[in-house]
Student: 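Take a look at the following structure, please.
Just so you know, residue 1 is the first one in the sequence shown, and it goes up from there. Atoms considered below: every heavy atom in the structure, side chains included; atoms not considered: hydrogens, waters and symmetry mates.
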Amino acid sequence: MTIRDGDGTGTDGVDWDAAAASFDEEPDHGLRDPEVRAAWAERLRDWLPERAGDVLDLGCGTGSLALLAAGQGHRVTGVDRSPAMVALAREKLGGRDAVFLVGDAAAPPVGEERYDTVLVRHVLWTLPEPDRALRHWRDLLRPGGRLVLVEGVWGTVSPVGISAGRLTALLAPLGGRVRVQPLSGDRALWGRDVDDERYAVVAVPD
């Protein structure tokens, strides 16, 4: 979730600091339901490298995906512009091999660190320059590293989001391999049936 400097309001108009306390009540946010949690864990095992590595979780929210990745042996760095979200993520992953930073998902404050995976869920569509963010995230990868991007288009009257077609077009200049995986039909991921476009892209840039 992307937050502007100086307040807790995101580019999508949501005050994420204020929303932090109730954020995990959504089934696919808090992953409290065992079936939902297991569904996301299974997807992560497919998307993340088989060998334990370093994962940068951008727009990490309260750390639910970070917790799953850490549980699979990965070392996680989470970044979110909401201090309230980061505080909850640190609490959730207490004792795990994880670090959480307050910062901008589009330009995370990680210095010269490089990662095996950059994981981003429901963030890219909010960014004013998604192509620039993708290039920067590519540069945060080690050779052979991957981008794991979970996105979608939500709503029918006034839809928001980014389609799979547009995202793959934005990734094309980065070269490499791109795999698109539809997610709308997997009810367990969302805790309910959905009829909008939801998908994941796993990209290994050149």
Side-chain angles (χ1 to χ4, degrees), residues 1-2 10 12 14 16-101 105 115-126 146-154 161 164 179-203:
M1 43 213 55
T2 303
D12 50 4
V14 178
W16 289 110
D17 277 335
S22 60
F23 184 78
D24 280 356
E25 293 175 7
E26 287 293 322
D28 61 308
H29 291 171
L31 310 185
R32 292 168 172 168
D33 182 282
E35 184 180 2
V36 175
R37 186 167 58 251
W40 281 101
E42 181 180 357
R43 295 289 183 165
L44 281 184
R45 275 189 290 270
D46 178 45
W47 299 334
L48 300 180
E50 184 175 350
R51 178 178 296 182
D54 294 299
V55 175
L56 179 61
D57 182 2
L58 299 177
C60 64
T62 62
S64 293
L65 290 187
L67 181 61
L68 294 180
Q72 295 175 12
H74 299 284
R75 299 171 295 276
V76 180
T77 299
V79 176
D80 202 285
R81 286 293 295 271
S82 164
M85 292 285 189
V86 167
L88 290 171
R90 288 172 177 161
E91 180 180 349
K92 186 178 291 186
L93 276 85
R96 300 275 186 168
D97 193 357
V99 174
F100 293 94
L101 307 171
Y115 299 87
D116 301 296
T117 303
V118 173
L119 170 66
V120 192
R121 180 172 68 162
H122 302 168
V123 172
L124 186 68
W125 74 273
T126 71
R146 64 186 67 185
L147 301 173
V148 177
L149 310 169
V150 182
E151 289 292 341
V153 178
W154 301 274
R179 173 167 61 106
V180 180
Q181 190 172 48
L183 302 178
S184 299
D186 191 342
R187 184 183 191 280
L189 288 173
W190 317 109
R192 59 186 176 87
D193 292 321
V194 299
D195 57 8
D196 44 21
E197 182 183 10
R198 305 187 188 198
Y199 63 91
V201 169
V202 179

Student: So do Glu42 and Asp186 actually touch side chain to side chain, heavy atoms under 4.5 Å?
Tutor: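 A side-chain contact is absent here, since even the closest heavy-atom pair is not under 4.5 Å.
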Student: Main chain of Gln72, side chain of Arg45: is a donor-acceptor contact present, judged purely on distance under 3.5 Å?
Tutor: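 Answer holds: no.
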Student: Step by step, would you call Leu189 with Arg43 a side chain to side chain contact (heavy atoms under 4.5 Å, CB included)?
Tutor: CA-CA 9 Å; Leu189 288 173; Arg43 295 289 183 165; 3.8 Å; yes
Student: For Leu58 and Val123: C-alpha separation, side-chain torsions, deciding distance, then whether side chain to side chain contact (heavy atoms under 4.5 Å, CB included) applies.
Tutor: CA-CA 8 Å; Leu58 299 177; Val123 172; 5.9 Å; no
Student: For a quick test of reading the model, state the closest non-hydrogen atom pair linking Phe100 to Arg90 and the distance between them.
Tutor: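 Of all heavy-atom pairs spanning Phe100 and Arg90, the closest is O-NH2, 2.7 Å.
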Student: Tell me the ring pair (Phe, Tyr, Trp, His ring centres under 6.0 Å) pairs involving residues 50-70, sequence neighbours left out?
Tutor: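 The answer is none; no pair qualifies.
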Student: What heavy-atom pair brings Asp196 and Ser184 nearest, and what distance separates the two atoms?
Tutor: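 Taking Asp196 first and Ser184 second, the nearest heavy atoms are O-OG, 2.6 Å.
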Student: Test your reading of the model: is there a side-chain donor-acceptor pair from Glu151 to the backbone of Gly161, 3.5 Å cut-off?
Tutor: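 Looks like no, no N/O pair under 3.5 Å.
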Student: Roughly how far, to the nearest 0.5 Å, is CE of Met85 from SG of Cys60?
Tutor: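 Reported value, rounded in 0.5 Å steps: 9.0 Å.
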Student: Rounded at 0.5 Å granularity, tell me how far CG in Leu65 sits from CZ in Arg121.
Tutor: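 Answer rounded to 0.5 Å: 4.0 Å.
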Student: Could you report the tightest heavy-atom contact between Leu93 and Ala98, atom names first, then the distance?
Tutor: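 For Leu93 and Ala98, the tightest heavy-atom pair comes out as CD2-CB, 3.6 Å.
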Student: Is there a donor-acceptor contact under 3.5 Å from the side chain of Arg37 to the main chain of Arg32?
Tutor: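 Here the side-chain-to-backbone pair exists.
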Student: At what distance, to the nearest 0.5 angstrom, does CZ of Arg198 lie from CG of Leu183?
Tutor: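 The distance works out to 9.5 Å.
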Student: Would you check if the side chain of Arg96 reaches a backbone N or O of Leu67 as a donor-acceptor pair within less than 3.5 Å?
Tutor: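 Pair absent, no side-chain N/O of Arg96 close to backbone of Leu67.
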Student: Parallel, tilted or perpendicular for Phe23 and His29, by the 30°/60° rule?
Tutor: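 Because their plane-to-plane angle is under 30°, the rings of Phe23 and His29 count as parallel.
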Student: Begin from the C-alpha positions of Val148 and Leu119 and carry the test side chain to side chain contact (heavy atoms under 4.5 Å, CB included) through to its verdict.
Tutor: CA-CA 5 Å; Val148 177; Leu119 170 66; 3.6 Å; yes
Student: Hey, does Thr62 have a side-chain heavy atom less than 4.5 Å from the side chain of Lys92?
Tutor: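 Result yes, sub-4.5 Å side-chain heavy-atom pair found.
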Student: What is the distance from atom CG of Leu31 to atom CG of Asp24, rounded to the nearest 0.5 Å?
Tutor: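 CG of Asp24 is found 7.5 Å from CG of Leu31.
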Student: Determine the minimum heavy-atom distance between Ala21 and Leu88, stating which atoms define it.
Tutor: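 Taking Ala21 first and Leu88 second, the nearest heavy atoms are N-CD1, 4.5 Å.
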Student: Quick one: ring pair (Phe, Tyr, Trp, His ring centres under 6.0 Å) pairs with a partner in residues 52-93, sequence neighbours left out?
Tutor: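 Applying ring pair (Phe, Tyr, Trp, His ring centres under 6.0 Å) to every pair that reaches into residues 52-93, excluding sequence neighbours, yields nothing.
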Student: Going through the distances and angles, do Val79 and Leu56 end up as a side chain to side chain contact (heavy atoms under 4.5 Å, CB included)?
Tutor: CA-CA 8 Å; Val79 176; Leu56 179 61; 4.0 Å; yes
Student: May I ask you to decide if Gly61's main-chain N or O and Asp80's side chain share a donor-acceptor pair within less than 3.5 Å?
Tutor: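 Side chain of Asp80 to backbone of Gly61: a pair is present.
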Student: Hey, could you give me each pair passing ring pair (Phe, Tyr, Trp, His ring centres under 6.0 Å) that has a residue in residues 179-203? Not counting sequence neighbours.
Tutor: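 As it turns out, the ring pair (Phe, Tyr, Trp, His ring centres under 6.0 Å) pairs with a partner in residues 179-203, which skip direct neighbours, are Trp40-Trp190.
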Student: Between OH of Tyr115 and CG of Leu147, what distance do you get to the nearest 0.5 Å?
Tutor: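 Here the interatomic distance stands at 14.0 Å.
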Student: Locate the shortest heavy-atom distance separating Gly191 from Pro27; write the atom from each residue and the value.
Tutor: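 That closest heavy-atom pairing would be CA-CB, 4.2 Å.
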Student: Considering all heavy atoms of both residues, which atom of Ala84 and which atom of Ala20 are nearest to each other, and what is their separation?
Tutor: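 Minimum heavy-atom contact is CB-CB, 3.7 Å.
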Student: Does the distance from a Lys or Arg side-chain N to an Asp or Glu carboxylate O, for Arg51 and Asp116, drop under 4.0 Å?
Tutor: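 No, no charged N to carboxylate O under 4.0 Å.
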